[in-house]
Each structure stands twice: as C-alpha cells, then as structure tokens.
Protein chains: 2
Amino acid sequence: MDHAAPQSPAGLSTTPSWLLNQTASHAARLLSEGFAAHDLRGYHYRLLATLTEEGPASQADLGRRCGIDRSDVVATINDLAGRGLVVRAPDPADRRRNVISVTDAGADEARRMGVTVERVQADLLAPLSTDEREQLTRLLTRLLRHHSRH
Amino acid sequence: MDHAAPQSPAGLSTTPSWLLNQTASHAARLLSEGFAAHDLRGYHYRLLATLTEEGPASQADLGRRCGIDRSDVVATINDLAGRGLVVRAPDPADRRRNVISVTDAGADEARRMGVTVERVQADLLAPLSTDEREQLTRLLTRLLRHHSRH
DNA sequence: ACGCCAACGTTGGTGCAGCCAACGTAACAC
DNA sequence: GTGTTACGTTGGCTGCACCAACGTTGGCGT
C-alpha cells in the first residue's frame, strides 16, 4: 500500500549533482548492507582491498591512496588489527612509519568482501547494458581525474 | 590496466560504486562550500527548492519528495522558519498537518541558491561536452528510476 | 653539526547526512 | 466505539569526511 511516491521534484531531478548524490547514496546503502554481513564498513574494505592489491604500506600512504584521512586510518587499522585481519609493525627503515600488512585471514576476508562488492555492482547496474556501464565508468572517471588535480 | 596511478588502486578505481561515491562526494563538497556562503546546508536547499517549485506542502509530503526523514524535516523547517524563509501554519483541513509555505524572502533565497547550484554544476561538469552531460544524466536517471521502485 | 621544516601516527573533536524508535494527537476504517 | 494509520516532534545513533594539535622522527640547508 505504498503511496505512488512521486520522488524528486522536476527541477532537482535533472540536476546532475542531485542525480549523483542520490545514486551514490543508493550504492552506498547497498554496499553498507552487504558489508554488514561481514560486520565491517566501507573504510575497512577500502583499506583491506588496497592492501591486498598493492601490498604492505604505511598508514599515511594508505590514507592517500584510499582518500581516507590519516586519523580515520588509525581507528580503522586498529579495528582491523584487533580482528587479526592486518598486522601493524614498525618500519625499521623509518621509525616514524608503521608498515601495515594483511594476514591470511585478512586476505580471505578481502576476497569474500570482493565477492559481496561484485554482487552489489551487478545489482546496482542491472538496468544498464555492458556498453552503458562502460560509458558511465568512462564519464565518471573523467570527472574524477579532472577534479583530482586540485 | 595496471597503470599504477598514484590515486586510487586499480581494483577500486574501476568499480562503478567507487566512482559514484567519489564523484558524489566531490560534488557534495562543492555544493557544501557553495551553500556555506548562504549559511545554509543541503537539506535547506532541497526543501526550499521543492517548496518554490511545487508550492506549499505538508512536512511529511516534503520529506517524501526530497528523500528526507520526517524528523530531519522538522529541524530543517524550524531553522528555515527561524530565518523567515518559510512559514509553518496548521492545516485547517487536517489538524495533524502543518502547511509549509515559502515567504518572499524564502523565494529570493531559493533563487540565489539556485544560481549557486548552477555554478557548481558547471564547475563539476566542466570536462564534459553537452552530449556527454546528457549521457550522464540519462544513465543516472535510469539507475535511479530502476531502483526507486524498491 | 646544527637548526629548521616536513612527514608520521595519534588523540580528540566537528559537521552533515541518513535513519530509527517512541510518543501524543488527529484522522480514518470498520 | 474501537483499532489502525498518518502526522509532527523529540531524542538518539551511525557512517563518512575533515580539521587542529601534539610528540616523534627524518631530511635538508647552511
């Protein structure tokens, strides 16, 4: 018995930033639900995925690569380390740094979360053809790259 | 493929939900900065814009149309009313409802914020041609419409 | 060798957005 | 009349993004 909720007023619904915000919000919700099954959140996945892809790194490096603030990296790594998914070790070559490495359990979890993410992507992009998905990816990538050089 | 870009790991940077999240985040930041000049936030704009576009409405209706929770509508309308941008009046036809209307000052502010939003859109979409902007809008709209019927 | 500055990890705090539970009141269905 | 739904409101919680400050450490210029 849902009201035929006429979502989003005409003026807003044609605004790209509105569309971006809404779709991203939707994607984030789907991802969040998927991550909940792993009892983890977005930050955890970003760090874990980056570590498994690119190998051990310092916290500052991780933050830079994932777009996560250094202070938030600390808390998230604390959490991941507490679950035994990563290991924090001092860098012998630079005593300011910690070297973060994934454990075997962490690699497993990353793989499992990767599956979840794949499923969410498929769900999210269901109404789009392969060509259209590439179009979307290309357009968003160009926007990001343009704005990433502050 | 593995063109190791300094930003965002390869596996993530090809993930549509990641791209959506990052671009939306960027757009939100730009909008937030723009709104700051008006000493207002996103919720204020959504409600104000919806009201000026579609006329007076109840709070619950506004919330449904803007995708804002009822409780958040309360606080935002409180704020807007406190600034004299909207008026909250009891609905004589249904005493559960409040009818929210924009004042002249509110309409002015909405117009000014609209200009700000336009500027942000232009900034955001700068690297895209007119055709590409339409493509993006079309793709996002289809995604949203597909997922809006829950 | 020294001093200065930059980078690192860490603590603590801010703000916005989204969401949910609960309450009292009012409208509506039966 | 009774029960159910909708409304406005209060209060709270989570996630994401961001900032300021501090002590420690490394690197650099002189």
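For clarity, every value in this text was computed on a predicted model and none was experimentally measured.
- Contact of S25(B) with dC16(D) (side chain to base): no donor-acceptor pair of N or O atoms is detected under 3.5 Å.
- Each of A75(A) and G42(B) was assigned the nucleotide of DNA chain C with the nearest heavy atom; the assignment lying further toward the 5' end belongs to A75(A).
- Using a 4.0 Å cut-off between charged nitrogen and carboxylate oxygen, R119(A) and D123(A) do not count as a salt-bridge pair.
- Of the listed nucleotides (dC19(C), dA6(D), dT10(D)), dC19(C) has the atom at the smallest distance from the side chain of D72(B).
- For the pair N98(A) and dT10(C), the criterion of a side-chain N or O lying under 4.0 Å from OP1 or OP2 is met.
- Residues E132(B) and R142(A) are paired through a salt bridge, judged by an N-O separation under 4.0 Å between the basic side chain and the carboxylate.
- Using a 4.0 Å heavy-atom cutoff across all strands shown, S32(B) reaches no nucleic acid atom at all.
- A salt bridge links R29(B) to E33(B): one of the charged nitrogens lies within less than 4.0 Å of a carboxylate oxygen.
- Under the 4.0 Å criterion applied to side-chain N and carboxylate O atoms, D39(B) and R83(B) are assigned as salt-bridge partners.
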Contact string for nucleotides 25-30 of chain C, one letter per nucleotide 5' to 3', B = base within protein heavy-atom range under 4.0 Å, S = sugar-phosphate only, - = neither, reads -BS---
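- When distances run from any side-chain atom of V74(A) to the nucleotides dT10(D), dC7(D), dT10(C), the shortest one goes to dT10(C).
- Considering only the side chain of N21(B), dA17(D) comes nearest among dC19(D), dA17(D), dG8(D).
- At the phosphate of dA22(C), neither OP1 nor OP2 sits under 4.0 Å from any side-chain N or O atom of R70(B).
- Residue R46(A) has a polar side-chain atom (N or O) positioned under 4.0 Å from OP1 or OP2 of dA17(D).
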